[in-house]
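What follows is a single structure, written as structure tokens, with notes after it.
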Number of protein chains: 2
Amino acid sequence: MVNNMELIRVYKALSNPTRVQILQWLKEPSKYFPEVYPDGVCVSDIQKKVQLSQSTVSQYLSTLQDVGLIESTRKGQWTYYKRNEVQIKEIKRCIMDHI
Amino acid sequence: MVNNMELIRVYKALSNPTRVQILQWLKEPSKYFPEVYPDGVCVSDIQKKVQLSQSTVSQYLSTLQDVGLIESTRKGQWTYYKRNEVQIKEIKRCIMDHI
DNA sequence: ATTGCATATCGAGATTTCTAAATATATAAT
DNA sequence: ATTATATATTTAGAAATCTCGATATGCAAT
């Protein structure tokens, strides 16, 4: 269950076009990124596409992760991100009741 | 059809707890407001409940209306607001595909 | 015409978000 | 040990949002 305040934070996370864009690219990662690993896509590949600084992209990914929309796996020096579809489904369900 | 940028504006509108609260109260106006008119609830009744200034509430309602979540009807010196359920349904549908 | 009431708009200070550069951390390769 | 690479964190200025008081607008009643 995603409560009221958590949903507000989800809306905040989604109220930035770049963050939403990333979330959408991650729906079909192989379509949008040069390499897709078992745990998702690495930060630098995402950064190349969004054309914002490395630190900004890293923070955006943290923001999306903080609200549960994506999840990360660290492997060596890389961090791979992918959508957390289970949580996204739950968030969607809650938004339906919320609005 | 609600496009990408319009949805971003919807998320922005929803990323404020008070605005979401108002939207939720308007689901069952007679439960939360002293008087409900055919076209909805007047600004001053909403203002009394949220305990923010009149100008803030007026702007919040404009914000919600701008993105289509509520609609207004002016009758004399009053403006009544109610949910735009048709548009909300459409927005929900688009959010489902969007996220 | 004037007064009073409901709402909208304007202007501004406080707070938050955006974004980058610089720095830190962690790992890999030499 | 040193160097290089990937990512995270810190710091800070610019831009946007929040919120209010003041003012404007529009309508109703006198």
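Order of the sequence lines fixes the chain letters, A, B, ..., with proteins taken first and strands second; residue numbering starts at 1 for each chain.
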- Compute both the distance and the angle, then confirm whether Lys31(A) meets the cation-pi test with Trp25(A): under 6.0 Å from the six-membered ring centre, within 45 degrees of the axis. no
- Hey, quick one: are Ile91(A) and Val86(A) part of the same hydrophobic cluster, counting side-chain heavy atoms closer than 4.5 Å, chains of contacts allowed? no
- Task: Could you state the atom-to-atom distance from CD1 of Ile8(B) to P of dA16(D) in whole Å?
- Result: 15 Å
- Task: Grab the CG-P distance between Leu61(B) and dC18(D) for me, whole Å please.
- Result: 14 Å
- Within the structure, does a side-chain N or O atom of Asn16(B) lie under 4.0 Å from either OP1 or OP2 of dT17(D)? no
- Query: Roughly how many Å is it from CD1 in Ile46(A) to P in dT7(D), rounded to a whole number?
  - Reply: 9 Å
- Task: Could you walk me through whether Val2(A) and Gln87(A) pass side chain to side chain contact (heavy atoms under 4.5 Å, CB included), step by step?
- Result: CA-CA 9 Å; Val2(A) 185; Gln87(A) 184 67 5; 3.8 Å; yes
- Query: Gln77(A) CD to dT30(C) P: how many Å, rounded?
  - Reply: 12 Å
- Message: Can you tell whether the side chains of Arg9(A) and Asp66(A) come within less than 4.0 Å, N to carboxylate O?
- Response: no
- With sugar-phosphate meaning primed atoms plus P, OP1 and OP2, does Ser44(B) contact a base, only sugar-phosphate, or nothing at under 4.0 Å between heavy atoms? sugar-phosphate
- Is the distance from OP1 or OP2 of dA6(C) to the nearest side-chain N or O of Tyr81(B) less than 4.0 Å? no
- For the residue pair Thr56(B) and Ser53(B), confirm or rule out a side-chain donor-acceptor distance under 3.5 Å. yes
- Note: for Thr18(A) and Gln54(A) on DNA chain C, the residue whose nearest nucleotide lies more 5' is Thr18(A)
- Trp78(B) has its side chain closest, among dT9(C), dT9(D), dT7(C), to dT7(C)
- Check the distance between dA21(C)'s P and Gln59(A)'s CD and give it to me in whole angstrom. 13 Å
- With a 3.5 Å cut-off and just heavy-atom distances, do the side chain of Ser53(B) and the base of dG21(D) make a donor-acceptor pair? no
- Message: Looking only at the side chain of Arg74(B) (C-beta and beyond, no hydrogens), which of the listed nucleotides dT7(C), dA22(D), dA28(D) gets closest?
- Response: dT7(C)
- Task: Measure the distance from CD on Glu35(A) to P on dA6(D) and round it to the nearest whole Å.
- Result: 12 Å
- Given atom CG of Leu52(A) and atom P of dA15(D), what is their separation to the nearest angstrom? 16 Å
- Query: When all nucleic acid strands are considered with a 4.0 Å heavy-atom cut-off, which category describes Tyr80(A): base, sugar-phosphate, or nothing?
  - Reply: nothing
- Task: To the nearest Å, give me how far apart CG (Leu64(B)) and P (dC18(D)) are.
- Result: 11 Å
- If you check every side-chain atom of Ser55(B), which of dC10(C), dT7(C), dC18(D) has the closest atom? dC10(C)
- Between Thr79(B) and Thr56(A), the residue closer to the 5' end of DNA chain C by nearest nucleotide is Thr79(B)
- Most 5' of Ser62(A) and Lys12(A) on DNA chain D, judged by nearest nucleotide: Ser62(A)
